[in-house]
Structures are given as C-alpha cells and as structure tokens.
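Before any comments, here is the structure.
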Amino acid sequence: MSRRVVRTSKFRHVFGQAVKADQCYDDIRISQMTWDSNFCSVNPKFVAMIVDASGGGAFMVLPLSKTGRIDMSYPTVCGHTGPVLDIEFCPHNDNIIASGSEDCSVMIWEIPDSGLTSPLTDPVVKLEGHSKRVGILSWHPTAHNVLMSLLMSTTSPCTAARRARREWGTCPREAWKSTNVKSRGTDTFFFL
C-alpha cells in the first residue's frame, strides 16, 4: 500500500503575481465602522467605497479607469448625518447607487457619467421610515427600481441577509409598494 505525501490538487502549481502599484487604489481612508458590510460596491463603470468622514457618513465613487494614488481631497458622496453602513449599485443602471446609514434613512444617488468632480450632497430620492439603522441594501435582480432595505435589531447581519434574499420570492408584489414586511428580528422595506 502506497502513501501519498502530497495532496492531489489541480491548483497545486498555480502561483499569483501581485499587481503593480499603478493598477491598485491607494491612500483611501476606508471606514473604521464595525459593521458586517463589504464597504464597497462595483459595477462595469465605477467602484464605490465607504470612507471615514467627519460630521456624517460619506462614500467615494471612482471610475474604474482611475487607479493609483487617490488624492485626499477627491470628491465624495456625503448626505447622511450618520455613518454609512452599506452601499449598492443598481443592477439595471450603472449610474444609480443606494446608500443606507445609521441615520435611519436610505438615499438614492445618481453619479454623472464622467464621475464626481465636486462633492455630491443632494440625493435623487431620500427614503425614510426605518426606526433603527439601515444595515443591508439589496436591489431586486430582475425587477427595475425595486430596492430592499433591512433594519437590523437582534439578528446577525448575515442571517438577516439570507432571510431577506429568501423573501424576494415570497413577498407579494402589493407589499413592495406598501413597504413593510415583518420577519423575525428585522423589518424589511421594499421601495418601488
């Protein structure tokens, strides 16, 4: 009987190479907020990252072609009064992004095609109605202009996100317009 010393794997001889500094994003002050979020969102045109900001929450939206060192004075999207907890690009329109914050609001923003040239402070739409911080945002994958936002309470964000994704299929279309659907430990709002 022979013993194998090396585990068989088709990836055993694959090695990665670090990308060059001019192909990375450098000097971005990512938020220090302790929240279960990706702190970024990407689509075919832009990459967005939640950044540290004084006096409220902000996030930075960069064109994918803009790499390298990012200047500290680069314009941000700043309209929330509390820290931004989640951002999500619309899957149907590359210029639309939603942000959820500790200030209990969701804001929908329209990013210009050329990117930001000055700070963006006025949202296209401000959605209010949550009683606690908005922790998770998710656009409906096939229905246009349908956004789900989750209010977090005692449930962990990961468990709530799994439940919310299951609710996409079970939530009746009428509830999307009336907004509130109760789930264990969370309030789920659907905005149309």
Non-hydrogen atoms of [X] and [Y] that approach each other most closely:
X     : Y      : result
Ala48 : Val61  : CB-CG2, 4.0 Å
Leu64 : Asn43  : CD1-O, 3.4 Å
Ile30 : Phe39  : CG2-CB, 4.4 Å
Asp86 : Ile136 : OD2-CA, 3.5 Å
Lys45 : Asp113 : NZ-OD1, 2.6 Å
Leu62 : Tyr74  : CD2-CE2, 3.3 Å

Spacing of [X] atom [atom1] and [Y] atom [atom2] [to the nearest 0.5 Å]:
X      : Y      : atom1 : atom2 : answer
Thr121 : His80  : OG1   : NE2   : 12.0 Å
Ser41  : Phe59  : OG    : CZ    : 9.5 Å
Ile97  : Glu110 : CD1   : CD    : 12.5 Å
Ser138 : Met148 : OG    : CE    : 4.5 Å
Leu137 : Leu127 : CG    : CG    : 9.5 Å
Ile108 : Ser99  : CD1   : OG    : 7.5 Å

[X] (side chain) donor-acceptor with [Y] (main chain) under 3.5 angstrom:
X      : Y      : answer
Thr76  : Met60  : no
Ser101 : Asp103 : yes
Trp139 : Glu88  : yes
Asn95  : Ile111 : yes
His140 : Ala143 : yes

Next on the checklist: Please tell me whether Val19 and Val14 are part of a single hydrophobic cluster in this structure, the criterion being side-chain heavy atoms less than 4.5 Å apart.
Outcome noted: no
Checklist entry - In the single-linkage hydrophobic clustering (I, L, V, M, F, W, Y; side-chain heavy atoms under 4.5 Å), do Met72 and Tyr25 co-cluster? => result no
Checklist entry - Can you check side chain to side chain contact (heavy atoms under 4.5 Å, CB included) on Cys104 and Glu128, steps first, answer last? => result CA-CA 7 Å; Cys104 307; Glu128 295 176 317; over 6 Å; no
With a 4.5 Å heavy-atom cut-off, do [X] and [Y] have their side chains touching?
X      : Y      : value
Asp94  : Pro44  : yes
Trp109 : Asp122 : no
Ile70  : Asp26  : no

Checklist entry - Aromatic rings His92 and His144: how do their planes relate, parallel, tilted or perpendicular, breaks at 30° and 60°? => result tilted
Next on the checklist: Before you tell me yes or no, could you show the steps for Val134 and Leu150 under side chain to side chain contact (heavy atoms under 4.5 Å, CB included), namely the whole-Å CA-CA distance, both residues' side-chain angles and the distance that decides it to 0.1 Å?
Outcome noted: CA-CA 6 Å; Val134 179; Leu150 286 174; over 6 Å; no
Checklist entry - Heavy-atom count around Arg69 CZ within 6.0 Å, excluding the residue itself: above 12? => result no
Next on the checklist: Going by side chain to side chain contact (heavy atoms under 4.5 Å, CB included), Ser31 matches just one of Val84, Val51, Leu85, Ile50. Which one?
Outcome noted: Ile50
Next on the checklist: As a quick check of understanding, evaluate side chain to side chain contact (heavy atoms under 4.5 Å, CB included) for Val106 and Lys126, giving each step before the final call.
Outcome noted: CA-CA 6 Å; Val106 175; Lys126 183 175 183 177; over 6 Å; no
